Structure formats: C-alpha cells, structure tokens
Amino acid sequence: QVQLVESGGGLVQPGGSLRLSCAARGTIFRRYAMGWYRQAPGKQRELVAVITSGGTTTYVGSVTGRFTISRDNAKNTMYLQMNSLKPEDTAVYYCHAHRVLDPGDDYWGQGTQVTVSS
C-alpha cells in the first residue's frame, strides 16, 4: 500500500499562517513529483503548487509570494508553508504524488480543511 497523510489544517485569522504536511508511507519518496491541490465549495479542484523530484517549484499566481512548497526526502515528507492567508484561501487541501515516467502511479491524500476567517 501507498498512503499519503496530510496534517496541519485548521482555523486561522486573515493574515495568519499555517504549515501543512504530507507524509508518504509505503513508497520510495524521492522518485515522485509532489503537489498540493485545493477545492473550495462550489469550485473545481485547483492545483496550488508543485515540487519535482529534483526540487523545482511552481505556484498558481494567486499564492505566489505567500506560499512555499518544500520537501524533505530523508523524512518522506512534503510541506506547504502558507503565509498572509486570505479568506479566499479557505478550502480542503489535498496532497498528490505521481511519477512522470509512469502516470498511472499516482496517489491522493484524504484532504485537510483550511479555514481563514475572523
């Protein structure tokens, strides 16, 4: 079995920060590109950030400069540091992993709720 487990979500005030974690179990972590997606009520799931197996990062424009994606291969864990949070960041955040050379080898976490409000 391959399992992705997210943690770190919760309720935060506008302007605050959260750090999401995604722990991978049962896989060789360094082989996978990793990403964070989010889905707000009434909207489609959106790709937020991606980090390749080599450490290259990409962000959706709305979070650029506020969010930072990173990975620690020794700990089999990916992170999303979220700063200057806005109410429009409210969503369920999902961890995703895939191998570029084998697109069918992909996995989703269960999601973690992030709510930004006063």
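None of the values given here were measured: they were computed from a predicted structure. Numbers here are sequence positions counted from 1.
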Between F67 and W36, ring centroids under 6.0 Å:
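Between F67 and W36, the centre distance exceeds or equals 6.0 Å.
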
Going by disulfide bond (SG atoms under 2.5 Å apart), name the pairs with one or both residues in residues 42-92, residues two or more places apart or in two chains.
none

With a 4.5 Å heavy-atom cut-off, do [X] and [Y] have their side chains touching?
X: C95; Y: E6; answer: yes
X: P14; Y: S118; answer: yes
X: T64; Y: R66; answer: no
X: F29; Y: R71; answer: yes
X: T90; Y: V114; answer: no

Could you tell me which residues satisfy side chain to side chain contact (heavy atoms under 4.5 Å, CB included) with D72, sequence neighbours excluded, listed by chain and number?
A74, K75, Y79

Contacts of T57 meeting side chain to side chain contact (heavy atoms under 4.5 Å, CB included) (sequence neighbours excluded), chain-then-number -> I51, Y59, I69

Do [X] and [Y] belong to the same hydrophobic cluster, where Ile, Leu, Val, Met, Phe, Trp and Tyr are linked whenever their side-chain heavy atoms lie under 4.5 Å apart, directly or via other members?
X: V92; Y: W108; result: yes
X: V12; Y: L20; result: yes
X: M78; Y: V60; result: yes

Among L85, L80, L11, exactly one meets side chain to side chain contact (heavy atoms under 4.5 Å, CB included) together with L18. Which residue is that?
L85

Can you list every pair that meets salt bridge (charged side-chain N to carboxylate O under 4.0 Å, His left out) and has a residue in residues 36-59, with sequence neighbours left out?
R38-E46, R38-D89

For L4 against Q110, the heavy-atom pair lying closest together
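Residues L4 and Q110, closest heavy atoms: O-OE1, 3.5 Å.
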
Testing the basics here: between C22 and M34, what is the closest heavy-atom pair and its distance to 0.1 Å?
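The pair with the smallest heavy-atom distance is SG-CE, 4.2 Å.
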
Can you list the other members of the hydrophobic cluster that holds L101, where links are side-chain heavy atoms under 4.5 angstrom apart?
none

Are there more than 12 heavy atoms of other residues, nucleotides or ligands under 6.0 Å from atom CD of Q44?
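Not buried by this count: 12 neighbours or fewer within 6.0 Å.
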
Once side-chain hydrogen bond (donor to acceptor under 3.5 Å, both in side chains) is applied, what residue pairs with a partner in residues 94-104 remain, sequence neighbours excluded?
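Every side-chain hydrogen bond (donor to acceptor under 3.5 Å, both in side chains) pair that includes a residue of residues 94-104, provided the two are not neighbours, is H96-D106, R99-D105.
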
